[in-house]
Amino acid sequence: MIQLASNENPLGMPAAARQAAADALAGAALYPDATGRALKEALAARLGVTPDWLVLGSGSSEILTLTAQAVVKPGEGVLWSQYGFVVYAQAAALARGEGRAVPAQRFGHDLKAMAAAITPQTRLVFVANPNNPTGTFLEGARLQEFLAQVPRETTVLLDEAYTEYLAPRQRYDAIGWLRAFPNLVVARTFSKAYGLAGLRVGYGVAQPALAARLNAIRPRFNVTTPALAAAVAALADNDFVQRTYELNRVGRAQLSEGLGQLGVETLPSAGNFVMACFADARGVHAALLRAGIAVSTLDNYALPDWLRITVGTQEQNAAVLEAVADAARA
Ligand SMILES: Cc1ncc(COP(=O)(O)O)c(C=O)c1O
(Lines give C-alpha, C1' and ligand atoms only; values in the text may rest on other atoms or scores of the structure.)
Protein backbone atom coordinates (compact mmCIF):
# COMPACT_ATOMS: atom_id res chain seq x y z
CA MET A 1 0.00 0.00 0.00
CA ILE A 2 1.28 3.49 -0.86
CA GLN A 3 0.77 5.48 2.35
CA LEU A 4 -0.25 9.05 1.59
CA ALA A 5 -2.78 9.49 4.38
CA SER A 6 -0.81 10.90 7.30
CA ASN A 7 1.74 13.39 5.94
CA GLU A 8 4.78 11.25 6.65
CA ASN A 9 8.09 11.55 4.81
CA PRO A 10 8.21 9.57 1.54
CA LEU A 11 12.01 9.34 1.89
CA GLY A 12 11.60 7.31 5.07
CA MET A 13 14.00 8.12 7.90
CA PRO A 14 17.55 9.40 7.58
CA ALA A 15 20.00 6.45 7.48
CA ALA A 16 22.00 7.89 10.38
CA ALA A 17 18.86 8.16 12.50
CA ARG A 18 17.90 4.57 11.78
CA GLN A 19 21.39 3.44 12.78
CA ALA A 20 21.35 5.56 15.93
CA ALA A 21 17.97 4.13 16.96
CA ALA A 22 19.18 0.58 16.33
CA ASP A 23 22.38 1.20 18.35
CA ALA A 24 20.35 2.76 21.16
CA LEU A 25 18.28 -0.42 21.53
CA ALA A 26 21.30 -2.00 23.24
CA GLY A 27 20.70 0.37 26.16
CA ALA A 28 16.93 0.08 26.21
CA ALA A 29 16.81 -2.19 29.26
CA LEU A 30 17.39 1.03 31.18
CA TYR A 31 14.97 3.94 31.36
CA PRO A 32 15.59 6.78 28.91
CA ASP A 33 17.47 9.90 30.00
CA ALA A 34 14.54 11.73 31.60
CA THR A 35 16.18 15.09 30.93
CA GLY A 36 16.73 14.35 27.23
CA ARG A 37 20.04 16.14 27.67
CA ALA A 38 21.76 15.26 24.39
CA LEU A 39 18.73 16.14 22.27
CA LYS A 40 18.01 19.32 24.19
CA GLU A 41 21.61 20.46 23.83
CA ALA A 42 21.56 19.80 20.09
CA LEU A 43 18.24 21.61 19.70
CA ALA A 44 19.34 24.52 21.88
CA ALA A 45 22.48 24.98 19.77
CA ARG A 46 20.43 24.86 16.59
CA LEU A 47 17.75 27.28 17.79
CA GLY A 48 19.93 29.76 19.65
CA VAL A 49 18.35 29.19 23.06
CA THR A 50 19.46 27.38 26.22
CA PRO A 51 18.08 23.93 27.12
CA ASP A 52 15.75 25.40 29.76
CA TRP A 53 13.66 26.87 26.90
CA LEU A 54 12.83 23.35 25.68
CA VAL A 55 10.23 20.68 26.44
CA LEU A 56 10.42 17.28 24.75
CA GLY A 57 7.26 15.45 23.80
CA SER A 58 6.17 12.06 22.56
CA GLY A 59 5.50 13.74 19.23
CA SER A 60 4.51 17.38 19.16
CA SER A 61 0.95 16.19 19.89
CA GLU A 62 2.07 15.77 23.47
CA ILE A 63 3.33 19.35 23.55
CA LEU A 64 -0.18 20.44 22.53
CA THR A 65 -1.88 18.41 25.26
CA LEU A 66 0.71 19.34 27.91
CA THR A 67 0.29 23.02 27.12
CA ALA A 68 -3.47 22.79 27.52
CA GLN A 69 -3.09 20.91 30.79
CA ALA A 70 -0.58 23.44 32.09
CA VAL A 71 -2.51 26.62 31.32
CA VAL A 72 -6.22 25.71 31.14
CA LYS A 73 -8.41 25.04 34.15
CA PRO A 74 -11.81 23.31 33.82
CA GLY A 75 -14.31 25.64 32.16
CA GLU A 76 -11.72 28.08 30.79
CA GLY A 77 -11.57 28.89 27.11
CA VAL A 78 -9.50 27.36 24.32
CA LEU A 79 -9.67 28.67 20.75
CA TRP A 80 -8.55 27.35 17.41
CA SER A 81 -9.52 27.91 13.81
CA GLN A 82 -12.21 25.96 11.98
CA TYR A 83 -10.32 23.19 10.11
CA GLY A 84 -7.67 23.25 12.86
CA PHE A 85 -5.78 20.05 13.65
CA VAL A 86 -7.98 17.49 15.46
CA VAL A 87 -5.66 17.26 18.47
CA TYR A 88 -6.54 20.84 19.53
CA ALA A 89 -10.07 19.79 20.44
CA GLN A 90 -8.72 16.71 22.22
CA ALA A 91 -6.21 18.82 24.15
CA ALA A 92 -8.99 21.19 25.23
CA ALA A 93 -11.21 18.28 26.27
CA LEU A 94 -8.39 16.61 28.24
CA ALA A 95 -7.94 19.82 30.21
CA ARG A 96 -11.75 20.05 30.52
CA GLY A 97 -11.60 23.47 28.88
CA GLU A 98 -14.36 25.07 26.82
CA GLY A 99 -13.15 24.63 23.26
CA ARG A 100 -14.30 26.81 20.39
CA ALA A 101 -13.41 26.79 16.69
CA VAL A 102 -13.41 30.26 15.12
CA PRO A 103 -14.87 30.26 11.56
CA ALA A 104 -12.17 30.09 8.92
CA GLN A 105 -11.63 32.57 6.12
CA ARG A 106 -11.04 30.91 2.76
CA PHE A 107 -10.10 27.71 4.64
CA GLY A 108 -7.37 29.48 6.64
CA HIS A 109 -7.11 31.22 10.00
CA ASP A 110 -9.09 34.44 10.34
CA LEU A 111 -6.68 36.06 12.78
CA LYS A 112 -8.83 39.17 13.16
CA ALA A 113 -11.82 37.07 14.19
CA MET A 114 -9.62 34.95 16.45
CA ALA A 115 -8.24 38.02 18.24
CA ALA A 116 -11.80 39.32 18.63
CA ALA A 117 -12.95 35.96 20.05
CA ILE A 118 -10.49 36.11 22.96
CA THR A 119 -12.26 36.85 26.25
CA PRO A 120 -10.87 37.20 29.79
CA GLN A 121 -11.66 33.47 30.18
CA THR A 122 -9.58 32.42 27.16
CA ARG A 123 -6.42 30.72 28.35
CA LEU A 124 -5.09 29.14 25.18
CA VAL A 125 -5.17 29.77 21.43
CA PHE A 126 -3.87 27.21 18.94
CA VAL A 127 -2.54 28.49 15.63
CA ALA A 128 -1.05 26.13 13.03
CA ASN A 129 1.22 27.48 10.33
CA PRO A 130 1.04 25.93 7.79
CA ASN A 131 -2.34 24.50 8.76
CA ASN A 132 -3.27 20.84 8.47
CA PRO A 133 -5.43 19.73 6.64
CA THR A 134 -5.94 22.84 4.51
CA GLY A 135 -2.27 23.70 3.85
CA THR A 136 -3.05 27.40 4.30
CA PHE A 137 -0.24 29.73 5.31
CA LEU A 138 -0.06 32.94 7.35
CA GLU A 139 2.66 35.51 6.67
CA GLY A 140 5.04 35.94 9.61
CA ALA A 141 4.22 39.65 9.87
CA ARG A 142 0.50 38.89 10.31
CA LEU A 143 1.26 36.34 12.99
CA GLN A 144 3.42 38.82 14.84
CA GLU A 145 0.65 41.41 14.72
CA PHE A 146 -1.75 38.83 16.13
CA LEU A 147 0.62 37.89 18.96
CA ALA A 148 0.90 41.55 19.92
CA GLN A 149 -2.91 41.69 20.28
CA VAL A 150 -3.20 38.66 22.56
CA PRO A 151 -3.31 39.45 26.30
CA ARG A 152 -0.37 38.07 28.27
CA GLU A 153 -2.73 35.92 30.35
CA THR A 154 -3.61 33.96 27.21
CA THR A 155 -1.06 31.46 25.93
CA VAL A 156 -0.59 31.04 22.18
CA LEU A 157 0.58 27.70 20.90
CA LEU A 158 2.08 28.18 17.45
CA ASP A 159 2.11 24.75 15.84
CA GLU A 160 4.93 24.58 13.30
CA ALA A 161 4.76 20.86 12.47
CA TYR A 162 5.29 21.64 8.77
CA THR A 163 7.62 24.63 9.01
CA GLU A 164 10.50 22.89 7.20
CA TYR A 165 8.36 22.76 4.05
CA LEU A 166 7.99 26.55 3.79
CA ALA A 167 9.63 28.21 0.81
CA PRO A 168 12.54 30.50 1.74
CA ARG A 169 10.41 33.61 1.03
CA GLN A 170 7.73 32.35 3.45
CA ARG A 171 10.03 31.68 6.39
CA TYR A 172 9.97 33.72 9.58
CA ASP A 173 11.70 33.41 12.95
CA ALA A 174 9.15 32.37 15.55
CA ILE A 175 11.91 31.28 17.93
CA GLY A 176 13.23 34.85 17.83
CA TRP A 177 9.75 36.15 18.74
CA LEU A 178 9.74 34.13 21.97
CA ARG A 179 11.90 36.76 23.66
CA ALA A 180 9.13 39.33 23.20
CA PHE A 181 6.23 37.00 24.05
CA PRO A 182 6.36 35.17 27.39
CA ASN A 183 2.96 33.65 26.55
CA LEU A 184 4.12 31.92 23.35
CA VAL A 185 4.91 28.22 22.88
CA VAL A 186 6.31 27.11 19.52
CA ALA A 187 5.74 23.39 18.84
CA ARG A 188 7.75 21.43 16.28
CA THR A 189 8.12 17.80 15.37
CA PHE A 190 10.51 15.16 14.08
CA SER A 191 7.55 13.31 12.49
CA LYS A 192 7.46 15.13 9.17
CA ALA A 193 10.58 16.54 7.49
CA TYR A 194 12.84 14.48 9.79
CA GLY A 195 11.07 11.22 8.97
CA LEU A 196 10.59 9.86 12.50
CA ALA A 197 6.79 9.71 12.86
CA GLY A 198 6.79 6.20 14.32
CA LEU A 199 9.37 7.04 16.96
CA ARG A 200 7.29 9.89 18.44
CA VAL A 201 9.51 12.89 19.14
CA GLY A 202 8.53 16.53 19.14
CA TYR A 203 9.41 19.60 21.15
CA GLY A 204 8.12 22.86 22.46
CA VAL A 205 10.10 26.07 22.82
CA ALA A 206 9.08 28.79 25.27
CA GLN A 207 10.58 31.20 27.76
CA PRO A 208 12.03 29.24 30.71
CA ALA A 209 9.19 30.08 33.12
CA LEU A 210 6.54 28.68 30.78
CA ALA A 211 8.77 25.78 29.65
CA ALA A 212 9.21 24.86 33.32
CA ARG A 213 5.42 24.67 33.77
CA LEU A 214 5.20 22.22 30.91
CA ASN A 215 8.21 20.23 32.08
CA ALA A 216 6.68 19.96 35.56
CA ILE A 217 3.76 17.90 34.22
CA ARG A 218 5.59 16.08 31.44
CA PRO A 219 5.62 12.31 31.96
CA ARG A 220 9.19 11.63 33.07
CA PHE A 221 10.14 9.06 30.42
CA ASN A 222 7.91 10.27 27.59
CA VAL A 223 10.56 10.00 24.85
CA THR A 224 12.21 6.61 24.46
CA THR A 225 15.95 5.98 24.21
CA PRO A 226 15.89 5.03 20.48
CA ALA A 227 13.71 8.05 19.72
CA LEU A 228 16.08 10.43 21.52
CA ALA A 229 19.10 8.98 19.70
CA ALA A 230 17.40 9.06 16.31
CA ALA A 231 16.30 12.66 16.77
CA VAL A 232 19.86 13.79 17.56
CA ALA A 233 21.10 12.07 14.40
CA ALA A 234 18.23 13.38 12.25
CA LEU A 235 18.74 16.94 13.45
CA ALA A 236 22.34 16.79 12.26
CA ASP A 237 21.36 15.58 8.79
CA ASN A 238 20.76 18.87 6.98
CA ASP A 239 21.14 17.18 3.64
CA PHE A 240 18.19 14.87 4.36
CA VAL A 241 15.93 17.80 5.28
CA GLN A 242 17.02 19.66 2.15
CA ARG A 243 16.27 16.62 -0.05
CA THR A 244 12.92 16.27 1.69
CA TYR A 245 12.12 19.93 1.02
CA GLU A 246 13.07 19.67 -2.64
CA LEU A 247 11.16 16.41 -3.22
CA ASN A 248 8.12 18.02 -1.63
CA ARG A 249 8.39 21.25 -3.59
CA VAL A 250 8.49 19.42 -6.90
CA GLY A 251 5.98 16.73 -5.90
CA ARG A 252 3.43 19.22 -4.56
CA ALA A 253 3.47 21.05 -7.89
CA GLN A 254 3.23 17.72 -9.73
CA LEU A 255 0.14 16.75 -7.73
CA SER A 256 -1.57 20.15 -7.81
CA GLU A 257 -0.96 20.72 -11.51
CA GLY A 258 -1.80 17.13 -12.42
CA LEU A 259 -5.06 17.27 -10.48
CA GLY A 260 -5.84 20.64 -12.04
CA GLN A 261 -5.43 19.11 -15.49
CA LEU A 262 -7.96 16.47 -14.47
CA GLY A 263 -10.39 19.24 -13.52
CA VAL A 264 -9.90 18.73 -9.78
CA GLU A 265 -9.75 21.84 -7.58
CA THR A 266 -6.92 21.97 -5.04
CA LEU A 267 -6.03 24.55 -2.41
CA PRO A 268 -2.58 26.16 -2.57
CA SER A 269 -0.60 24.30 0.09
CA ALA A 270 2.44 25.29 2.12
CA GLY A 271 2.74 21.81 3.66
CA ASN A 272 3.63 18.30 2.47
CA PHE A 273 0.06 17.54 1.43
CA VAL A 274 -2.61 18.82 -0.91
CA MET A 275 -6.32 19.16 -0.22
CA ALA A 276 -8.41 18.31 -3.27
CA CYS A 277 -12.15 18.62 -3.93
CA PHE A 278 -14.14 15.88 -5.66
CA ALA A 279 -17.77 15.51 -6.67
CA ASP A 280 -17.58 12.05 -5.09
CA ALA A 281 -14.72 12.16 -2.58
CA ARG A 282 -15.77 8.87 -0.98
CA GLY A 283 -15.81 7.12 -4.33
CA VAL A 284 -12.38 8.48 -5.26
CA HIS A 285 -11.03 7.49 -1.84
CA ALA A 286 -12.30 3.94 -2.37
CA ALA A 287 -10.95 3.82 -5.93
CA LEU A 288 -7.53 4.93 -4.71
CA LEU A 289 -7.60 2.23 -2.03
CA ARG A 290 -8.37 -0.36 -4.72
CA ALA A 291 -5.35 0.97 -6.61
CA GLY A 292 -3.24 0.44 -3.45
CA ILE A 293 -3.08 4.10 -2.39
CA ALA A 294 -4.23 5.35 1.02
CA VAL A 295 -5.18 9.04 1.27
CA SER A 296 -7.22 10.77 3.97
CA THR A 297 -10.91 11.57 3.95
CA LEU A 298 -11.78 14.73 5.88
CA ASP A 299 -15.20 13.92 7.28
CA ASN A 300 -13.86 14.55 10.77
CA TYR A 301 -13.13 18.15 9.68
CA ALA A 302 -16.64 18.48 8.18
CA LEU A 303 -15.04 18.55 4.72
CA PRO A 304 -16.78 15.53 3.15
CA ASP A 305 -16.10 16.67 -0.45
CA TRP A 306 -12.36 16.91 0.09
CA LEU A 307 -9.47 14.46 0.33
CA ARG A 308 -6.03 15.21 1.75
CA ILE A 309 -3.24 13.66 -0.24
CA THR A 310 0.27 13.57 1.19
CA VAL A 311 2.94 14.48 -1.34
CA GLY A 312 4.87 11.30 -2.15
CA THR A 313 7.75 10.42 -4.42
CA GLN A 314 7.43 11.34 -8.08
CA GLU A 315 6.29 7.77 -8.85
CA GLN A 316 3.76 7.74 -6.03
CA ASN A 317 2.32 11.09 -7.14
CA ALA A 318 2.07 9.78 -10.69
CA ALA A 319 0.23 6.72 -9.38
CA VAL A 320 -2.25 8.99 -7.57
CA LEU A 321 -2.90 11.00 -10.74
CA GLU A 322 -3.38 7.87 -12.77
CA ALA A 323 -5.79 6.38 -10.24
CA VAL A 324 -7.78 9.64 -10.07
CA ALA A 325 -7.96 9.75 -13.86
CA ASP A 326 -9.12 6.11 -13.92
CA ALA A 327 -11.76 6.85 -11.28
CA ALA A 328 -13.05 9.75 -13.39
CA ARG A 329 -13.35 7.46 -16.43
CA ALA A 330 -15.10 4.66 -14.50
C1 LIG B 1 -0.70 20.53 12.42
C2 LIG B 1 -0.10 19.37 13.13
N3 LIG B 1 0.41 19.55 14.33
C4 LIG B 1 0.94 18.55 15.03
C5 LIG B 1 1.01 17.28 14.50
C6 LIG B 1 1.53 16.23 15.41
O7 LIG B 1 2.46 15.40 14.95
P8 LIG B 1 3.35 14.56 15.96
O9 LIG B 1 2.59 14.30 17.21
O10 LIG B 1 3.66 13.34 15.19
O11 LIG B 1 4.56 15.42 16.21
C12 LIG B 1 0.50 17.02 13.24
C13 LIG B 1 0.51 15.66 12.67
O14 LIG B 1 -0.07 15.33 11.70
C15 LIG B 1 -0.09 18.09 12.54
O16 LIG B 1 -0.61 17.93 11.33
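It should be emphasised that the depicted structure is a prediction, and the values quoted were computed from it without experimental measurement.
Note: T163 OG1 to I175 CD1 = 8.5 Å, rounded to the nearest 0.5 Å. We find the CH2-CG distance between W177 and L184 to be 8.0 Å, quoted to the nearest 0.5 Å. Here the CD atom belonging to Q170 is positioned 8.5 Å from the CG atom belonging to N129, to the nearest 0.5 angstrom. Rounded to the nearest 0.5 Å, atoms CG (D305) and CD (E265) are 10.5 Å apart. Taken from CG in N132 to CE in M275, the straight-line distance is 10.0 Å, to the nearest 0.5 Å. Atom-to-atom distance recorded for D173:CG and L47:CG is 9.5 Å, nearest 0.5 angstrom.
Checking side-chain atoms of Q82 against main-chain N and O of A104 turns up a donor-acceptor pair under 3.5 Å. Side chain of T67 to main chain of I63: a donor-acceptor pair is present (N/O by atom type, distance under 3.5 Å, no hydrogens or angles). Proximity of a side-chain donor or acceptor of Q254 to a complementary backbone N or O of Q314 within less than 3.5 Å is detected. In this structure, the side chain of S256 does not engage the main chain of A253 through any donor-acceptor pair within 3.5 Å. In this structure, Q261 contributes its side chain and G258 its backbone to no donor-acceptor pair below 3.5 Å. Listed for the N131 side chain is no donor-acceptor partner under 3.5 Å among the backbone atoms of G84. Looking only at distances, a side-chain donor or acceptor of R252 sits under 3.5 Å from a matching main-chain atom of G271. A donor-acceptor pair under 3.5 Å is formed between the side chain of T35 and the backbone N or O of R37. No donor-acceptor distance shorter than 3.5 angstrom exists from the side chain of Q316 to the backbone of G312, with no hydrogens or angles considered. Checking side-chain atoms of S269 against main-chain N and O of F273 turns up a donor-acceptor pair under 3.5 Å.
When the shell of 6.0 Å around CZ of R171 is examined, it contains more than 12 heavy atoms from other residues, nucleotides or ligands. Counting heavy-atom neighbours within 6.0 Å of R106 CZ, excluding the residue itself, gives a total of 12 or less. Environment of CZ in R18: sparse, with no more than 12 heavy atoms of neighbouring residues, nucleotides or ligands closer than 6.0 Å. Within 6.0 Å of atom CZ in F221, more than 12 heavy atoms from other residues, nucleotides or ligands are found, so the atom counts as buried in its surroundings. Open room surrounds CD on E139; 12 or fewer heavy atoms of other groups in view lie less than 6.0 Å from it.
Transitive grouping of hydrophobic side chains (ILVMFWY, heavy atoms separated by less than 4.5 Å) brings L138 and L178 into a common cluster. Put simply, V127 and F85 are part of two different groups of oily side chains (I, L, V, M, F, W, Y) that touch within less than 4.5 Å, one to the next. L157 and V86 fall within the same hydrophobic cluster, defined by Ile, Leu, Val, Met, Phe, Trp and Tyr side-chain heavy atoms under 4.5 Å apart, directly or through other members. Residues L158 and F137 share a hydrophobic cluster, clusters being chains of Ile/Leu/Val/Met/Phe/Trp/Tyr side chains in contact below 4.5 Å. Using a 4.5 Å cut-off between side-chain heavy atoms of Ile, Leu, Val, Met, Phe, Trp and Tyr, with links allowed through other members, F240 and L235 fall into different hydrophobic clusters.
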- Query: Checking side chain to side chain donor-acceptor pair (under 3.5 Å) for the pair E153/N183: CA distance, chi angles, key distance, verdict?
  - Reply: CA-CA 7 Å; E153 303 72 46; N183 55 335; over 6 Å; no
- Item | Step-by-step side chain to side chain donor-acceptor pair (under 3.5 Å) determination, D237 to Y194 | CA-CA 9 Å; D237 196 340; Y194 291 96; over 6 Å; no
- Message: Walk me through whether R188 and S60 qualify under side-chain contact (heavy atoms from CB on, under 4.5 Å).
- Response: CA-CA 6 Å; R188 293 193 180 160; S60 61; over 6 Å; no
- Message: Determine whether W53 and R179 satisfy the following criterion, side-chain contact (heavy atoms from CB on, under 4.5 Å), listing intermediate values before the conclusion.
- Response: CA-CA 11 Å; W53 289 63; R179 292 183 195 278; 3.5 Å; yes
- Task: Please report the C-alpha distance between N272 and E164 in whole Å, then the side-chain angles of each, then the deciding distance to 0.1 Å, and finally whether the side-chain contact (heavy atoms from CB on, under 4.5 Å) criterion is met.
- Result: CA-CA 10 Å; N272 66 340; E164 293 85 359; over 6 Å; no
- Message: Walk me through whether L30 and T225 qualify under side-chain contact (heavy atoms from CB on, under 4.5 Å).
- Response: CA-CA 9 Å; L30 304 178; T225 305; over 6 Å; no
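Think of I2 as one node in a network of Ile, Leu, Val, Met, Phe, Trp and Tyr side chains linked at under 4.5 Å; its network also takes in L4, L255, L259, L262, V264, V274, F278, V284, L288, I293, V295, L307, I309, V311, V320, L321, V324.
Look at D299 and R282 and you find a salt bridge, because one of the NZ, NE, NH1 or NH2 atoms lies within 4.0 Å of a carboxylate O, short of that distance. In this structure, E246 pairs ionically with R249, as a charged nitrogen and a carboxylate oxygen lie closer than 4.0 Å.
The closest side-chain donor-acceptor pair between Q242 and N238, if any, does not fall under 3.5 angstrom. A donor atom on one side chain and an acceptor atom on the other are found under 3.5 Å apart for N9 and T244.
The side-chain heavy atoms of Y172 and E160, taken from C-beta on, include a pair separated by under 4.5 Å. Residues D23 and Q19 meet the side-chain proximity criterion, which asks for heavy atoms closer than 4.5 Å. Side chains of S81 and M114 form a contact here, defined as non-hydrogen atoms less than 4.5 Å apart. Using a 4.5 Å heavy-atom cutoff, the side chains of V125 and F146 are in contact. Side-chain contact between L43 and V205 is absent, with no heavy atoms from C-beta onward closer than 4.5 Å. No side-chain heavy atom of Q90 sits less than 4.5 Å from a side-chain heavy atom of S61. The side-chain heavy atoms of V223 and R218, taken from C-beta on, include no pair separated by under 4.5 Å. Counting heavy atoms from C-beta outward, R123 and T155 have side chains that stay 4.5 Å or more apart.
Taking the ring-ring contact (aromatic ring centres under 6.0 Å, His included) definition, one finds that W80 meets it with nothing, sequence neighbours left out.
Closest non-hydrogen pair, A113 versus V102, comes out as CB-CG1, 3.8 Å. Shortest non-hydrogen contact noted between A17 and L196 is CB-CD2, 4.0 Å. The minimum heavy-atom distance linking L298 with P133 is given by the pair CD2-CB, 3.8 Å. The minimum heavy-atom distance between A291 and A323, with the atom names listed, is CB-CB, 3.9 Å. The shortest heavy-atom contact between V55 and L214 is CG2-CB, 3.8 Å. Considering every non-hydrogen atom in both L210 and P182, the closest pair reads CD2-O, 3.6 Å.
The ring pair (Phe, Tyr, Trp, His ring centres under 6.0 Å) test with Y88 is passed by exactly one of Y301, Y83, F126: F126.
Using cut-offs of 30° and 60° for the angle between ring planes, the Y203 and F190 rings count as tilted.
Evaluation of the side-chain hydrogen bond (donor to acceptor under 3.5 Å, both in side chains) test over residues 109-119, restricted to residues two or more places apart or in two chains, returns T119-T122.
Aromatic ring centres of W306 and F107: separated by under 6.0 Å.
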